[in-house]
Amino acid sequence: MQQVLPLALIRGEVIVEKPHDLFIPPEALEVILESFEGPLDLLLYLIRKQKFDILDMPIAPIATQYMKYIEVMKEIKMELAAEYLVMAAILMEIKSRLLLPKQAVEEEDGDPRAELVRRLQEYEVIKNAAQQLDQIPRLERDVFQVHAELAEDFQSAVFQTDVELHELVSALQGILKRTKAFEHHHIQKESLSTRERMALILEKLKRAATTTVAFVEFSELFTVNEGRQGVVVTFLAILELIKESLIECVQTQVFGQLRVRLPQ
Amino acid sequence: MTPADNKKFVQLVEAAFFVSEKPLSVKQLKTDLLVNYQVSHQQIRDVINELVIKYKDAGVNLVQVASGFRFETINALSNDLAFFIAKLSKEKAPKYSRALLETLALIAYKQPITRGEIEDIRGVAVSSYIMKTLLERNWVKIVGNKEVPGRPSLYATTKEFLDYFSLTSLSQLPELLPMTDLGVMDKTVAETV
Amino acid sequence: MTPADNKKFVQLVEAAFFVSEKPLSVKQLKTDLLVNYQVSHQQIRDVINELVIKYKDAGVNLVQVASGFRFETINALSNDLAFFIAKLSKEKAPKYSRALLETLALIAYKQPITRGEIEDIRGVAVSSYIMKTLLERNWVKIVGNKEVPGRPSLYATTKEFLDYFSLTSLSQLPELLPMTDLGVMDKTVAETV
């Protein structure tokens with residue numbers, strides 16, 4: 001189950017030897033950092049493969065060695081290297097506490113190695129889980145998604161984005177808040193029917209403009225069966241259109257019919 | 001070839017058609033898929049024929065097109081699938097931008113209106129894309145031109161717009177609160193007084 | 001349902017699986033594909049079972065994953081197809097680093113979990129790149145915040161994660177191995193004595 005540490009080349013030459021303790025030759029640091037997922041991973045490796053004994057670890061050389069790393073770390077993955085330093089510090093602390101008389105140790109919370117061992121065990125479980133996860137057949141590597149094309153004569157239907165009326169209103173209210181353009185325009189239902197009518201009249205005149213006549217009789221713009229209110233709305237719409245110079249009202253002869261057309 | 005080998009060979013060709021994005025030719029199957037198998041072009045053609053027959057009555061058929069063979073859905077299902085695909089892609093349909101909604105709202109409430117007028121009120125340019133979307137959606141139409149230099153188009157909403165929002169006329173659009181009610185004027189009025 | 005209707009119904013469901021980019025659930029088939037047909041959930045489930053059996057020996061199988069059913073190629077063809085796809089698309093399947101897999105395993109087995117907790121167990125910092133990849137692939141999502149100082153995000157896996165690994169639920173994940181004896185304690189205890 002244990003992964004074999006790849007023997008690596010450094011700058012194409014040096015073959016790194018398997019580490020025998022937490023020392024890592026500074027020139028091999030980068031390679032070691034890439035081979036192991038961190039100090040727990042390295043420690044696990046040392047315990048499993050090298051029969052590494054936390055107790056046997058010499059303290060002084062490690063301290064000297066780790067100082068050298070700091071130099072190397074300036075160039076490479078500093079954060080990761082720092083985690084190895086922390087681990088070395090933990091190990092040294094454990095060792096120093098174990099060297100103390102037994103009574104002094106027991107005053108503390110039990111064996112100082114227990115916490116480290118618990119962490120190592122917990123990490124090993126997850127390391128195995130990750131390896132197993134990697135074995136599960138997965139898309140893109142072991143099984144592949146399939147698809148068929150659509151028939152030659154296939155015509156796609158299109159669903160459009162939905163808009164709610166309140167979204168429209170809040171959009172306009174957003175503008176109102178930003179601008180003063182509407183200061184004097186309290187938009188009322190009556191003015192809206194007028195504006196709607198304005199659009200209708202313009203459309204009617206546009207159609208007429210394509211014919212030879214080019215105008216519409218004033219009276220034709222009114223629909224009598226709309227009742228008085230409808231007539232008023234149309235009239236207001238015509239006035240507003242004239243005011244905005246969107247249409248022209250002409251009379252070809254005195255007392256003749258009023259005619260409406262688009263501006264020439 | 002043993003029966004077991006033959007079964008795997010058929011499965012492999014079948015799966016290859018299903019994972020390939022493009023039609024596959026006999027030649028391509030031989031060089032890209034079966035390069036390590038001792039199979040002839042004729043054997044591959046036989047397998048393809050076998051698969052064509054196998055899928056004859058299925059929802060997808062193995063059919064020949066210009067550059068080879070591919071699986072495609074049968075014609076009889078086109079309408080149902082068109083609806084289905086539209087439904088699936090609808091979930092992916094992007095929401096309309098605020099700029100588009102504001103433009104639509106301005107056309108609805110201030111029609112007929114030119115693009116320049118919309119830009120004046122919004123304070124920013126209205127992209128052609130927005131106008132195109134609104135026109136394509138049949139929510140707005142051009143009802144004329146304003147008699148000012150450049151004769152800009154005048155936009156208004158359509159009957160489809162009213163239908164979409166279940167309105168019978170524009171006067172059913174919610175009334176907008178006057179500025180004072182929005183709390184913007186209050187302050188200035190108070191200051192003036 | 002007449003036999004002809006039933007045949008079309010089966011074909012339609014079959015074709016829908018082949019055109020959909022994602023797994024389809026019974027519910028989704030009913031609302032998005034078969035809304036105009038008078039079919040019950042049970043009838044849809046029966047058709048799916050029928051298709052599962054029909055494709056049992058084919059190069060593609062209809063399989064159940066977390067978010068529904070989908071056709072996928074059979075595992076026995078993985079090497080040939082991986083080679084074929086690499087040839088066609090010039091792309092290799094993404095390979096994930098041990099760091100990413102360990103982080104993913106921790107989220108899968110210990111969810112909901114914070115980044116800090118992941119770092120404690122792994123003994124190294126989790127790179128932002130890994131979290132970004134997992135989130136972008138939609139394999140993990142933030143499900144809340146832990147009520148401790150800093151209110152760190154809590155991560156959990158998604159349905160897409162299960163789909164990707166062809167699992168129907170988290171309970172299908174391989175069982176965790178028991179903690180092993182590292183032999184460190186025994187030895188030192190013996191020495192101390």
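We use all heavy atoms of the structure for the numbers below, so side chains are in, but hydrogens, waters and symmetry mates are not. Naming convention: chains lettered A, B, ... in sequence-line order (proteins, then strands); numbering from 1 in each chain.
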Side-chain touch B/Ile142/B/Tyr155, heavy atoms, less than 4.5 angstrom
yes
Contacting region of C/Ser89 [heavy-atom separation from chain B under 4.5 Å]:
neither
With a 4.5 Å cut-off on heavy-atom pairs, point out which of C/Leu34, C/Leu81, C/Leu88 contacts chain B the most.
C/Leu81
Need one label for B/Ile74: side chain, backbone, both or neither, based on atoms under 4.5 Å from any heavy atom in chain C.
side chain
Please classify the contact between C/Leu12 and chain B as side chain, backbone, both or neither, with a heavy-atom cut-off of under 4.5 Å.
both
Test side-chain contact (heavy atoms from CB on, under 4.5 Å) applied to C/Leu170 and C/Leu173, C/Leu167, C/Thr168, the passing residue
C/Leu173
Quick check against the 3.5 Å criterion: does C/Thr31 have a side-chain atom that pairs as donor or acceptor with the backbone of C/Lys27?
yes
Which bit of C/Leu24 is near chain B, if near means a heavy-atom gap under 4.5 Å: side chain, backbone, both or neither?
side chain
What part of B/Phe71 gets within 4.5 angstrom of chain C, counting heavy atoms only: side chain, backbone, both, or neither?
neither
Are the side chain of C/Glu136 and the backbone N or O of C/Thr133 linked by a donor-acceptor pair below 3.5 Å?
no
Within 45° cone of C/Tyr96 ring axis and under 6.0 Å: C/Arg137 NZ or CZ:
no
So, the part of B/Ala76 with a heavy atom under 4.5 Å from chain C: the answer is backbone
Against chain B, label C/Ile85 side chain, backbone, both or neither, depending on which of its atoms sit under 4.5 Å from a heavy atom there.
side chain
Would you mind checking which part of C/Phe9 comes under 4.5 Å of any heavy atom in chain B, side chain (CB onward), backbone (N, CA, C, O), both or neither?
neither
In terms of heavy-atom proximity below 4.5 Å to chain C, should B/Glu14 be classed as side chain, backbone, both, or neither?
side chain
Given B/Gln28, B/Lys8, B/Glu21, B/Glu72, the one with more heavy-atom pairs under 4.5 angstrom with chain C than any other is B/Lys8
Heavy-atom distances under 4.5 Å only: say whether C/Phe17 touches chain B with side chain, backbone, both or neither.
neither
C/Leu162 versus C/Val65: any side-chain heavy-atom pair under 4.5 Å?
no
Select one option (side chain, backbone, both, neither) describing which atoms of C/Lys54 are under 4.5 Å from chain B's heavy atoms.
side chain
Structural part of C/Val35 lying under 4.5 Å from a heavy atom of chain B:
side chain
Output the option from C/Thr73, C/Asp80, C/Leu29 having the highest count of non-hydrogen pairs under 4.5 Å with chain B.
C/Asp80
Treating B/Thr114 as the side-chain partner and B/Leu154 as the backbone partner, does any N or O pair qualify as donor plus acceptor under 3.5 Å?
no
Closer than 3.5 angstrom, by distance alone: can the side chain of B/Lys132 be matched with the main-chain N or O of B/Ser127 as a donor-acceptor pair?
no
Heavy-atom distance under 4.5 Å to chain C: side chain of B/Val13, backbone, both or neither?
neither
N/O donor-acceptor pair under 3.5 Å between B/Arg45 side chain and B/Val26 backbone
no
Residues C/Lys22, C/Asp163: salt bridge by 4.0 Å N-O rule
no
